[in-house]
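Contents: one structure, followed by commentary.
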Amino acid sequence: MPIKEAEKSYEHKKIEKEIQDSWVKNQVYFKTNQLREKGPKYSFLDGPPYCSGKIHLGTAWNKVIKDTFLRFKSMKGFSLRRQAGWDTHGLPIEHKVEQLLDIKNKQQIEEDIGIANFVSKCKEFALKNKDAMTNQFEDLGVWMDWDKPYVTFDPKYMESSWWTLKKAHEKGLLLKDKRVISWCPRCETALAAAEIDYEDKIDPSIYVKFPLSKPLLDDVDNPDGLSEYFLVWTTTPWTLPANLAICMNPNFDYSFVKFLNNESNEFNDSNSGNKNENSNEGILILASDLVESIFGPEIKITKIKKDTGEIDENGKSIKKIEEIKEEVYEIIKVVKGTDLEGLSYEYPLIDEIPEQKKFKNDKDKINVHTVLPGDHVELGEGTGLVHTAPGHGPDDFEIGKQFNLPIFCPVDEEGNFNSLGGKYSGEFVKDANPVIINDLKEKGFLYIEETIEHRYGTCWRCKTPIIYLATEQWFLKITEVKDKMLSEIKKVEWIPKWAGEGRFHDWVDNAKDWTISRQRYWGIPIPVWVCEDCGNIKVIGSVKELKDNSINKITADDEDLVHRPYVDEIIIKCDCCNESNNLDLNSQKPNNTNKICNGKMKRIPDVLDVWIDSGVAGWASLYYPQESKMFDEWFPYDFITEGHDQTRGWFYSQLGTGVIAFDQVPYKKVLMHGFVLDEMGKKMSKSLGNVVQPEDVIEGYGADVLRFYLLWASKPWDDLKFVWDELNNIKKMFNILWNVYVFSTTYMALDNFNPEICDLNDENSIILRDEDKWIISKANSLVKDVEEDLNSAFFHKATRKINNFILEDLSRWYVRLIRGRTWVEKDDPDKLGAYYGLYTSIEILIKVLAPIAPHISEKIYENLIKGIKSDSKLSIHMENWDYDENLIDSDLENKMDIVRDIIEASARARDMAKYKLRWPVNDITVVSTDKSVINAVNHLKSVIKDQSNTKQVLTSEEFENIKFIAKPNLKTLGPRLRQDMGIVNKFLAENDGNKIKLELENNGKIVIPISDNDINDKEIELSVGDVLFDNELPDDIVSSDFDGGNVFVNTQITQEILSEAMARELIRRIQDMRKDMDLDVEANINVTVDADKDFKNTIFDKIEFISNEVRANNILFDELHGDSLNYKDNKYDDKHIKEWKIENENIILKIEK
RNA sequence: AGGCCAGUGGCUCAGCUUGGUUAGCGCGCACGGCUGAUAACCGUGAGGUCCUGGGUUCGAAUCCCAGCUGGCCUACCA
């Protein structure tokens, strides 16, 4: 099939649809993979997007990076694994389904809807979303295994995560423990650190007075016997019912503060709040460094305007300002933190919380209601005395364990006080805040009440503020494998480097044990069965193992069986004593007998944190260990890439589970990419309403433009500001590429061009000019450079280079250089050379572009290459990525750069002289002392001649025709010569500047004799710096400089030049009319010219040239003047006959087909 | 509070790894040109304290330190 003439305009929608359809129809993706099957393996793992239902620009960017990189690797000959993945479990979908079914809490799920029903709805929802998102990714032209992705609810996938947990158990890294964890009271489940979002919230901020049980001050310090209080700050009053201690930092100083004057004792203005009336009675103890920030300066200065009794000239009384200094409070005593250790206090809510009385009287719990040391106490906020409730804070919990405090947590899973909550039983914790505050106030223990705006953790899905609760949860002991994790990070190649060395390292370094249990439904059930009798536990590692161990008859199919509620029903017989490796270190009832207990084992009801789901993707997607062939081939992965939010997410979860399961990190190279922000640099979010949908961009600009833009707009690891306007630039670039393609096919189709009929060794067949060799060299250089960039994931550099090649090298330069050659009719070897250069460079270009813009490159390939070249492939994406080092001629590339500069300089010079480019000039002279410039000019002289429209190109080290005019440098001479300046002025003006310059250059000075009759003869000596030179060119010479020299253009008009100029003026107008008449490029015409005799004579010997250029059969000169109007009215419209003005000449042209 | 990243004409961004031309591209703006790639294209021009302040150096947009602003992440915000 020959090359067809391309459609005139670039219609992205039509093209992309057509190409995507043809990929499907011809199974191009499958065949491309098949083609590379034997190649070296390059393994990639897709970070599974969550099945939220819609992709956003960030997910689009993520997949575009992956797709581009993988298409490139495929063209490089690698055999790839590019399975798509889907994260399907977890709370976000449960929430959506809850909304759909109008469910408010867990009770409704379990009792009204039923777990089975709920779970199946979740699955249905996930599937629906997955399909919708798949379509969106396909619209972007992303090539992945969409028809066989890994899906986290697939039983074969899930059992890999079971196996991983079993592995953790075997290594002693799985444990159940009572700890304080983040809890969402709405979802009624534990949350991992990665599931907490931080938002600004307003909360109460109260200072509470805890009275000392025994006074510390003696009569001297405290003669009035005022009560002493520890001043404690909290923003969570609801945790006060669980208060069991106060923590201080042993390294701090603590002050005893006594207020001197009740009236003036006001809170620091910036902190002013609602002060309790009783608040100042007594002595407050707090960290010394915080006294001033809370109470303000010790001495208060009040300025008062006082009447002096005198009256000023306006009759107004004169006032003066008086300062009243008042001592507000007094620091009676300062002690070390350690001095406070062990002091006991009276718990303020002792009457409200009966349980607290029991703790107080418990002889084993001697530390209850005392001051304890804690390094976590800081001076940033608060009072340096920290309210400690071991049931409600991770730090408090640690202190509680260390000092044997009860882990008291009177709050249930819904966030309500339970029966142990005494007076507050049944109350939701946040609602109890004002009640508790009021109780404190009434009892005189509230010092101050105000509010504070601070960042507070919320549930990542429902945004409910989290609370800390002490609950029994399952953990992976990350703290035990942390060192290994840290050393594994170092083995990974991170792009950028700081992603691994800084950010990720720090996150892992601070990691705590991983809470993996969730009290929910739609997730991977934790495969732990516990014996009801002996407490022994068993971790099931596969479906088969489950079936083998089950004493139930199993009717559910695997998909249902592995999910709740079906798996909950499976009962396993306890065989604790047969398998010693199943001994549970955490078991409440250690099993030390030898008999088999035969008890019933039931599954714990929890499901897994979804981060485990995706964390195990590396082997679960390969169905390891149930299958091992793929695993052996592909694991670990050569490359993954995700956004920087995945530092705490997927990068971490894979590392953790990888180290637990295999003692290694499952990936070798990571590109951490940025986020897509809006035009203002703000994160896109639904609440801000600034979200841009990828489909809208595709609609307006096309997938290729979007892809190119995303890779071009910023460095991959920086955040990307999405600016609509910038898409236009990319669109323009694609348009220009398309125009070049259209231009090429117009002529190639006309001439039935085929590059394979050209014999490059036969000059009768084809002649490659320097510019042809140049563009081919440039194209090969492009491949080489872009390859380097893509290998390093420098997509922004790759796209810039491609952009530059298309616009600068190909469109603005090469096409311009060859344009004249394409207009030749016969089978000219020189024309074929231009075709060849154009064809080859486009062929190379679209291959480079293919991974980034797979549609347009395929479209061009289909017409230009496929079926034309004998070694062409079914698709451009099956082509090999390569370049020919032998065709790269960097010397030629450099020369062309110089020549291009020169041509642009000459165009500039003509422009300044208003001398049209269309008019030829006799000569231009390139002046330079740089040999490489002269070489370049000599080498590419024909290019300059052609583009500068000149008869000759001369070179010189100096321009002979230049006339220099010498001027005095007033700056240096003025002060020196004073009245003698006139003499110098005169001398320089009267003498030949060129001679002066020469003399200065040769001798370094000139001497001006002064003949003065009165005084002795003297001389004035001028050195190089004293004389400045202006250039003066002859009238018809114009010049402009370029990097490396000057260009002088001779604009003298000779008869020959005029003749040619006029011919070209005529040609331009005839062409204009051809176009206006919408004539075919090939159509021949008859031209009649009406002009006066002079004009006719001027162009007479150019008739043949003109005819050639405009495809005229003949050109007649005729008198049309008299009846031109008749022509217009009768036979011809104004397209066929037109009056023109060329210079001062009126000319009428008639064109006939 | 800590960590990381960024700050370059009106706007989006390169350049920084490896210090060395007159700091560059594109958009926009102004002026001009071209007219068989043409709902395009080309040229010229104006426009910059390279966030601020120190330091290293012969020389800093680039390296170091401190600060400011913005973004993200993290935290035991009691």
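Below, chains carry the letters A, B, ... as their sequence lines are ordered, and counting in each starts from 1. Note that this is a predicted model, so its numbers are computed, not measured.
- When heavy atoms are screened at a 4.0 angstrom cut-off, A/I736 is found touching base atoms of the nucleic acid.
- Annotation: B/rC73 and B/rU8 have their P atoms spaced 22 Å apart (nearest Å).
- Residues passing the side-chain hydrogen bond (donor to acceptor under 3.5 Å, both in side chains) test with A/R819, sequence neighbours excluded: none.
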Restricting to nitrogen or oxygen on both sides, can you table the protein-nucleotides 63-69 of chain B pairs closer than 3.5 Å?
none

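- Scored by the side-chain hydrogen bond (donor to acceptor under 3.5 Å, both in side chains) test, A/Y254 finds no partners at all (sequence neighbours excluded).
- Residues satisfying the side-chain hydrogen bond (donor to acceptor under 3.5 Å, both in side chains) test with A/H387, not counting sequence neighbours, are A/T239, A/N243.
- Not counting sequence neighbours, the partners of A/R1069 by the salt bridge (Lys or Arg N to Asp or Glu O under 4.0 Å) test are A/E1065.
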Inset, instruction - If a protein heavy atom is under 4.0 Å from the base, mark B; if only from the sugar-phosphate, S; if neither, -; do that for nucleotides 18-31 of chain B going 5' to 3'. - result: --------BS----
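- A/D901 meets the salt bridge (Lys or Arg N to Asp or Glu O under 4.0 Å) test with no other residue; sequence neighbours excluded.
- Note on ring orientation: taking the six-membered ring where Trp is involved, the planes of A/H369 and A/Y345 are tilted (angle from 30° to 60°).
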I'd like a list of close polar pairs between nucleotides 1-6 of chain B and the protein, N/O only, cut-off under 3.5 Å.
from, atom 1, to, atom 2, distance (Å)
B/rG3, O2', A/D506, OD2, 2.8

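- Judged by Watson-Crick or G-U wobble contacts below 3.5 Å, the nucleotide B/rU18 has no partner.
- Listed by chain and residue number, A/D1072 satisfy the salt bridge (Lys or Arg N to Asp or Glu O under 4.0 Å) test with A/R1068 (two or more places apart in sequence, or in another chain).
- Note: CD1 (A/I730) to C1' (B/rU12) measures 11 Å, nearest angstrom.
- Counting only heavy atoms from C-beta on, A/K721 has its side chain closest to B/rU12 among B/rU12, B/rA14, B/rA37.
- Residues satisfying the side-chain hydrogen bond (donor to acceptor under 3.5 Å, both in side chains) criterion with A/D785, sequence neighbours excluded, are absent altogether.
- Partners of A/K8 under the salt bridge (Lys or Arg N to Asp or Glu O under 4.0 Å) rule, at least two apart in sequence or in another chain, are A/E5.
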Donor-acceptor contacts under 3.5 Å from residues 710-721 of chain A side chains, at least two apart:
from, atom 1, to, atom 2, distance (Å)
A/D719, OD1, A/H644, NE2, 3.0
A/D719, OD1, A/F675, N, 2.8

